Each structure stands twice: as structure tokens, then as C-alpha cells.
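See below for the structure under consideration.
Values below: every heavy atom of this structure, side chains too, minus hydrogens, waters and symmetry copies. Since we're looking at a predicted model, the values are computed, not measured. Below, chain A is the first sequence line, B the second, and so on; all start at residue 1.
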Number of protein chains: 2
Amino acid sequence: MTDSRLNQIVSKIKKMGYSLTPQRVEIIKIVSESKSHPSAAEVYNKIKESYPMVSLNTVYKNLSMLSSLHEVKEIKTMQNSVHYDGDVSLHGHAICENCGKIIDVQINEPDFKKFFENKIKGRLTENYHINNYGVEFYGLCDYCYTADPAVSET
Amino acid sequence: MTDSRLNQIVSKIKKMGYSLTPQRVEIIKIVSESKSHPSAAEVYNKIKESYPMVSLNTVYKNLSMLSSLHEVKEIKTMQNSVHYDGDVSLHGHAICENCGKIIDVQINEPDFKKFFENKIKGRLTENYHINNYGVEFYGLCDYCYTADPAVSET
DNA sequence: ATCTATATAGTATTTATTATTATATAATAA
DNA sequence: TTATTATATAATAATAAATACTATATAGAT
Ligand SMILES: [Mn+2]
Ligand SMILES: [Mn+2]
Ligand SMILES: [Zn+2]
Ligand SMILES: [Zn+2]
């Protein structure tokens, strides 16, 4: 991850009165550098390489804290577990319904924003206060599509 | 729910070789008539009114079977539980990040399809086989926005 | 260097979901 | 209608993700 991105997160953490621990910094780096949208368990396995005594609880606490600061995004998948995305820029996800693999779908940001803001206007039956939106594409990754004929039939 | 919608689901169930039980029919009716996007536990509480001996397992099995037949849609929310939508037509959801309440966002279908199909073209870094897509709007419902000042600050 | 509040590690608990198994029942055919 | 058979159900046990608890450690401040 870039230094400026790390500094940005660090200063937000300090501004909010949280303290900076080595585990916390490492979790930020792992989730920000990963392109695989890892689960908490996967972040835990990764951080154990540098901090063997870290607890899973610490990973969960830090990921949900970063999420509350909007510095990571949570992604819900089938196989009910939460995955984390260190890329908080506006983009979509394609999710494999068989193995859960998540890849990014880059979408032209102004188009995306315009579409959503136009679409939501006057279409809510209740007065919701929207501050974020997301889009997911569901299907099969190429591996699952070719490897397992059973799952590719509809 | 309309008779024709029920018949449509019933005939698909028969065509796929599944049998028709009173519990199954009642679950279909409950999830199809509900506008609240209930969880499995909520469907369970509802069906107990008419079938007090029903088991939660039966509810789960039927909901996931209906999902595999594409006659209900699954919605993942925060507070890690799955919710079910008997309206399988193309529409979005606005989800309250505080209480989990889900409401529909009706979007002009041709627009929606066109946008998504245009956007996905050539933008996937891998060869995914997409067969479905969804959009969610995250924020606060009016109740949570006004009632709990703590959650409405960003 | 000391103090204090927060973070962490280790463990226990909760909760949603799935698996197991014996019984009941829907579908089919005699 | 009755008998047969395969699937569905109810009841229970097991799994796995996430959260709660608590004593110790440590970051940040004095
Ligand atoms: Mn992403
Ligand atoms: Mn809906
Ligand atoms: Zn896959
Ligand atoms: Zn709410």
C-alpha cells in the first residue's frame, strides 16, 4: 500500500482516539495490500506469519473498527462469512456462487454515481438516509464453470 | 399471493420431482406474501401459528430449496443472517445499517438491465459467467436516523 | 518513570446454519 | 383402497463464524 494511504488511515485512527499497535498496523497493511478480499480467518492466518501470538479476536475487533471508520468494506457472500476489502473506492464485485471467489468490477465512477443517484430518487417507499451503495454480479468463476459440470447447469 | 404465482411454483416443484407438503406450501405462501424480507427464524415463527410442530430445519431446507429453484432470493445483511425475498423480480434493496430493516427499491427494469450489461462488458479481469446481479443501498432507516443520534453521526 | 486507559491473548459463549436419524407422509402403482 | 417406496419432517446433535469475558500487556500521556 502507498505511504499516503497508510498515513491517511493512521491519522484517522489517532484523531478518533484509538491507539496504534503493531498488530493493528499489520492488519491494515494485510487487508489493504490483498487483492483477494480475505475473510477474518484468512487475515488471521496471514498476520500469524509476523505475529504468531495474535488472537483471532484481535483480528475481528480491528477489522470491524476499520469498517466503522469506513477504511475497509465488508462483503457478504454465500457460504455465510464476511469478507473484507481494503479498496474502499467505488467498485463492484463479481462473486462465484460455487467457491465464493470475489473479483473486482471496475466501473466508471461518475457514471456509476449518476446512475445510482438518479435511480434512487423518488423510488424509496420510506425515508431512508442512504450513504453508500454497492453492486454485485453473481455467477461462476471460470474454474468452477469448467471444472464442475454439476454446478454449471441451471 | 396470486393463484397463478402459487401454481407456477407448485408446478416447478413437481417437475423437479419434489413432493408437495402442507408445510412446504405454507412456507411458500409466507415468504411470498411477506413484504418484510424475513429471516429463516421469522418464517419459522410465522409458520408455527398454523403448524406448531414444524421444525426450524424444515424451514431452512425449504427456503434453500426454493432458492435453488430461483423462486426466492437470498439477501445478506449486516448482523450476519440471511433474509429471504419472495419477490424474485429485478429490484434493489435499501438496508438499514443499524437495525437491518430492508425495503425494496423499484428500478425501471430495462434501464437496470441495460446499465448492468453495458457496465460488466470488458470490465472483468477474469472470465466469470454471470447469471444474476443485485444492488444494495446502505444507510439508516428513518426510525434509526431520528431515534438514535449516536448511529447517525459519520 | 509512572500512570491510566485501551488493546491484546486466551478462553468461553452465543447464534445461525447444517448434519444426522428415526418416523411420518406424499406420490405412485397394484 | 391398500401397499410400496422414496422423500419430507421433527427432534436433536454438531459445526463454524462471530462475539463476550477477563486478566495481562502496552500505547500514549504526564
Ligand atoms: Mn474489491
Ligand atoms: Mn425485495
Ligand atoms: Zn468458483
Ligand atoms: Zn433502522
Side-chain angles (χ1 to χ4, degrees), chain A residues 9-28 30-31 37-69 72 74-84 97 100 102, chain B residues 9-28 30-31 37-69 72 74-84 97 100 102:
Chain A
I9 299 177
V10 163
S11 54
K12 185 182 276 188
I13 285 174
K14 290 189 166 174
K15 184 165 54 178
M16 300 302 283
Y18 298 116
S19 52
L20 259 186
T21 66
Q23 295 95 326
R24 180 160 289 169
V25 172
E26 185 65 17
I27 288 166
I28 292 169
I30 288 171
V31 74
H37 308 90
S39 65
E42 288 162 342
V43 173
Y44 174 61
N45 287 329
K46 183 73 179 168
I47 193 179
K48 274 201 292 189
E49 294 173 10
S50 37
Y51 297 85
M53 304 311 286
V54 77
S55 78
L56 186 53
N57 190 320
T58 297
V59 174
Y60 272 108
K61 285 208 129 127
N62 276 284
L63 288 173
S64 79
M65 187 258 263
L66 291 167
S67 173
S68 77
L69 298 183
V72 309
E74 298 187 345
I75 308 171
K76 327 283 169 187
T77 69
M78 353 286 121
Q79 51 263 354
N80 49 346
S81 74
V82 178
H83 288 245
Y84 295 88
E97 290 179 305
I102 304 168
Chain B
I9 299 176
V10 162
S11 54
K12 186 183 275 191
I13 284 173
K14 291 190 166 175
K15 185 165 54 177
M16 301 301 284
Y18 298 116
S19 51
L20 260 184
T21 66
Q23 294 95 328
R24 180 160 289 169
V25 172
E26 185 64 17
I27 288 166
I28 293 170
I30 287 170
V31 74
H37 308 91
S39 66
E42 288 163 342
V43 173
Y44 174 62
N45 287 330
K46 183 72 179 170
I47 192 179
K48 275 202 291 190
E49 293 172 9
S50 38
Y51 296 86
M53 304 310 285
V54 79
S55 78
L56 185 52
N57 189 312
T58 296
V59 174
Y60 271 108
K61 285 208 129 126
N62 277 286
L63 288 173
S64 77
M65 187 259 263
L66 291 167
S67 173
S68 76
L69 298 183
V72 309
E74 298 188 343
I75 308 170
K76 326 283 168 184
T77 70
M78 353 283 121
Q79 50 263 353
N80 51 347
S81 73
V82 179
H83 288 245
Y84 295 88
E97 289 178 307
I102 304 168

Next item on the list: Starting from P on C:dA7, measure out to CD1 on A:Ile28 and report it in whole angstrom.
Entry: 12 Å

Check: Do the side chains of B:Glu74 and B:Tyr84 get nearer than 4.5 Å, heavy atoms only?
Finding: yes

Check: Can you find a heavy atom in the side chain of B:Ile9 that is under 4.5 Å from one in the side chain of B:Leu69?
Finding: no

Next item on the list: Write down the distance between NZ (A:Lys61) and P (D:dT22), rounded to a whole number of angstrom.
Entry: 12 Å

Next item on the list: Please report, rounded to the nearest Å, how far the P atom of D:dA8 is from the CD1 atom of B:Ile13.
Entry: 10 Å

Check: When the distance from NZ of A:Lys48 to C1' of C:dG10 is rounded to whole Å, what number comes out?
Finding: 13 Å

Margin query: Quick check for you: among D:dA8, C:dA16, D:dA11, whose closest atom lies nearest to any side-chain atom of B:Met53?
Written below: D:dA11

Checklist line | Closest non-hydrogen atom pair between A:Pro38 and A:Val43, with its separation | finding: CG-CG2, 3.8 Å

Checklist line | Among C:dA26, D:dA18, C:dA7, the one nearest A:Tyr18 by side-chain distance | finding: C:dA7

Note to self: Atom NZ of residue position B:Lys76 - does it have more than 12 heavy atoms of other residues, nucleotides or ligands inside 6.0 Å?
What the structure shows: yes

Check: How bent is the helix from C:dA1-D:dT30 to C:dA30-D:dT1, comparing axes over its five end pairs at each side, to the nearest 10°?
Finding: 40°

Next item on the list: With the side chain of B:Gln23 defined as its heavy atoms from C-beta on, choose the nearest nucleotide among D:dA18, C:dT8, D:dT9.
Entry: D:dT9

Next item on the list: Respond yes when some side-chain nitrogen or oxygen of A:Thr21 is under 4.0 Å from OP1 or OP2 of C:dT8, and no when none is.
Entry: yes

Notebook entry, point to check: Closer than 4.0 Å, any side-chain N/O of A:Thr58 to the OP1 or OP2 of C:dA9?
Noted result: yes

Check: Is there a donor-acceptor pair closer than 3.5 Å between any side-chain N or O of B:His83 and the backbone N or O of B:His37?
Finding: yes

Check: Could you state the OH-P distance from B:Tyr51 to C:dA24, rounded to the nearest angstrom?
Finding: 18 Å

Next item on the list: Would you please confirm or rule out a distance under 4.0 Å between OP1 or OP2 of C:dA9 and any side-chain N or O of A:Ser55?
Entry: yes

Item checked: No-H, no-angle donor-acceptor pair, B:Asn57 side chain to C:dT20 base, under 3.5 Å -> yes

Next item on the list: Have a look at A:Pro52 and say if it touches a base, only the backbone sugar-phosphate, or nothing, with a 4.0 Å heavy-atom cut-off.
Entry: nothing

Next item on the list: For B:Val82 and for B:Leu20, locate the closest nucleotide of DNA chain C by heavy-atom distance; then report the residue assigned to the nucleotide nearer the 5' terminus.
Entry: B:Val82

Note to self: Rounded to whole Å, how long is the line connecting atom CG of A:Leu63 with atom P of C:dA7?
What the structure shows: 14 Å

Note to self: With heavy-atom distances below 4.5 Å as the criterion, would you say the side chains of A:Met16 and A:Met65 are in contact?
What the structure shows: no

Note to self: I want to check something: taking the side chain as every heavy atom from C-beta on, are A:Lys48 and A:Asn45 in contact at a cut-off of under 4.5 Å?
What the structure shows: yes

Check: If you check every side-chain atom of B:Val54, which of C:dA7, D:dA10, C:dA26 has the closest atom?
Finding: D:dA10

Next item on the list: Please determine if a side-chain N or O atom of B:Arg24 lies less than 4.0 Å away from the OP1 or OP2 oxygen of C:dA26.
Entry: no

Check: Under 4.0 angstrom, heavy atoms only, what part of the nucleic acid is A:Leu56 near: base, sugar-phosphate, or nothing?
Finding: nothing

Check: Quick one: A:Asn62 CG to C:dA9 P, roughly how many Å, whole number?
Finding: 9 Å

Check: Are OP1 or OP2 of C:dT18 and a side-chain N or O of B:Tyr60 less than 4.0 angstrom apart?
Finding: no

Item checked: Nearest-angstrom distance from the residue atom CE of A:Met16 to C1' of C:dA7 -> 17 Å

Margin query: If I compare all heavy atoms of B:Thr58 with all of B:Gln23, which pair ends up nearest, and what's the gap?
Written below: CG2-CB, 4.4 Å

